[in-house]
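Here's the structure, in structure tokens; my notes come after.
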Amino acid sequence: MTSMSRARVARRIAAGAAYGGGGIGLAGAATVGLVLAEVQLARRRVGNGTSPHVPHADGLYGRLYVGPAMTPLRLTMLGDSTAAGQGVHRGGQTPGALLASGLAALAERPVELRTVATPGACSDDLDRQVALVLAAPGPVPDICVIMVGANDVTHRMPATRSVRHLSSAVRRLRTAGAEVVVGTCPDLGTIEPVRQPLRWLARRASRQLAAAQTIGAVEQGGRTVSLGDLLGPEFAENPRELFGPDSYHPSAEGYATAAMAVLPTVCASLGLWPAEEERPDASRREGFLPVARAAAEAASEAGTEVAAAMPSGPRGPWALLKRRRRRRVPEQEPAPAAPSS
């Protein structure tokens, strides 16, 4: 599917989500049915993870910066097993821990991590997760990272419904005062037990949803980072390194790769990224585009960020497309939480 075709499909899905349209299919109902059958077989074959348990990673990171005058930044992870870190054995290997460690190092401030992401969750569970976040005592998180979408495809959730729930979650968090970064739907075509031609169809469905998620999230004031292509070629070239033992969830190295893609956008949303890198770089094909076109391009390239720009134009809202450099983040176990004063 070309970038322009994907942009048209994504625009239709996002419009249906915004205006209450019916379920718009991904890659055609018949082909998606085949993809789902194959993916469900793959999930049964690998047991959908070695265990539903995910390592505990919540706590305070950046202990070197703890001090009486240093208020921690608050980072919350929402979404599915990818956001929770299912498939690894230690808390410090989860994407939340990696992001908290990297954010603490770059901000030179402690970071308090909380995870409400749930393995197996679809986008409709974001309503419950956001309620947990907003009902918690204390200030609203400074930054929320949402990773969701794969289960929506495998559970046949209509794309319009999926995007509607994500858009609502982003809107509620932004209204409460939190910055929001969404890691869009990963590439289901990388699951090893899924074979061609269904692998190609799974990739197509995943990218369609990722592009529509970008439109929905950006229009509500969030930023998105494409994970699909990141978890595609790199995972395909190094499946033994980047997939965990279940061949379904990422390994520790795979989560680190995803965290490196998301970290720059997390920092930029908090005003912590170098100012010179905030300007579009034409040599990296960055710039302002209609949001649907930016979403389609982002769905095809790893680590591509899309953020709201001009509110409207001849072809609707515009967005800034950025291809940020990836920087390795340190792995760090959580320190004991600082006592309340």
Side-chain angles (χ1 to χ4, degrees), residues 38-59 75-102 113-123 125 129 145-155 182-194 199 202-203 206 210 225-263 302-303 328-334:
E38 185 79 0
V39 170
Q40 293 294 352
L41 283 173
R43 294 182 70 170
R44 284 197 293 270
R45 207 170 300 161
V46 301
N48 192 21
T50 54
S51 168
H53 170 75
V54 295
H56 179 76
D58 290 5
L75 164 65
T76 299
M77 302 292 296
L78 303 90
D80 56 23
S81 58
T82 304
Q86 185 174 359
V88 295
H89 301 293
R90 295 191 291 129
Q93 298 172 325
T94 63
L98 293 165
L99 287 171
S101 297
L113 172 66
R114 183 187 181 203
T115 303
V116 297
T118 304
C122 294
S123 291
D125 192 53
Q129 294 181 25
V145 175
I146 303 173
M147 296 180 177
V148 75
N151 295 320
D152 297 36
V153 177
T154 62
H155 287 77
V182 177
T184 55
C185 182
D187 186 353
L188 294 179
T190 60
I191 301 171
E192 282 193 296
V194 178
R199 185 182 295 262
R203 175 167 292 122
S206 303
V225 180
S226 169
L227 297 183
D229 195 54
L230 173 74
L231 306 184
E234 293 188 18
F235 271 34
E237 291 172 9
N238 303 287
R240 297 292 174 241
E241 295 178 13
L242 299 180
F243 274 119
D246 62 8
S247 298
Y248 190 85
H249 292 96
S251 65
E253 182 64 26
Y255 280 127
T257 301
M260 281 189 289
V262 174
L263 178 62
R328 181 165 292 279
V329 300
E331 179 182 325
Q332 182 179 334
E333 296 289 354

Where Ala150 and Pro186 come nearest, the two heavy atoms and their spacing:
CB-CG, 4.0 Å

How far apart are the closest heavy atoms of Ala57 and Ala97, and which atoms are they?
CB-CB, 4.3 Å

If you look at every heavy atom in Val148 and Cys122, which pair is closest and at what distance?
CG2-C, 4.0 Å

Give me the atom names and distance for the closest heavy-atom approach of Gly85 to Val88.
O-CG2, 3.2 Å

Tell me, do Leu227 and Val262 make a side-chain contact under 4.5 Å, heavy atoms counted?
yes

What is the distance from atom SG of Cys185 to atom CG of Asn151, rounded to the nearest 0.5 Å?
9.0 Å

Check whether any side-chain heavy atom of Pro95 lies under 4.5 Å from a side-chain heavy atom of Thr82, and answer yes or no.
no

Please evaluate residues Gln129 and Ile146 with respect to the criterion side chain to side chain contact (heavy atoms under 4.5 Å, CB included), reporting the C-alpha separation (whole Å), side-chain torsions for both, the decisive distance (0.1 Å), and the verdict.
CA-CA 10 Å; Gln129 294 181 25; Ile146 303 173; over 6 Å; no

To the nearest 0.5 Å, tell me how far Gln86 CD sits from Thr94 OG1.
12.5 Å

Indicate the atoms forming the closest heavy-atom contact of Ala259 with Leu98, along with that distance.
CB-CB, 3.8 Å

Heavy atoms only: give me the nearest Thr184-Ser226 pair and the separation to one decimal.
OG1-CA, 3.5 Å

With sequence neighbours left out, the residues meeting side chain to side chain contact (heavy atoms under 4.5 Å, CB included) with Ala117 are Ala83, Ala84, Thr115

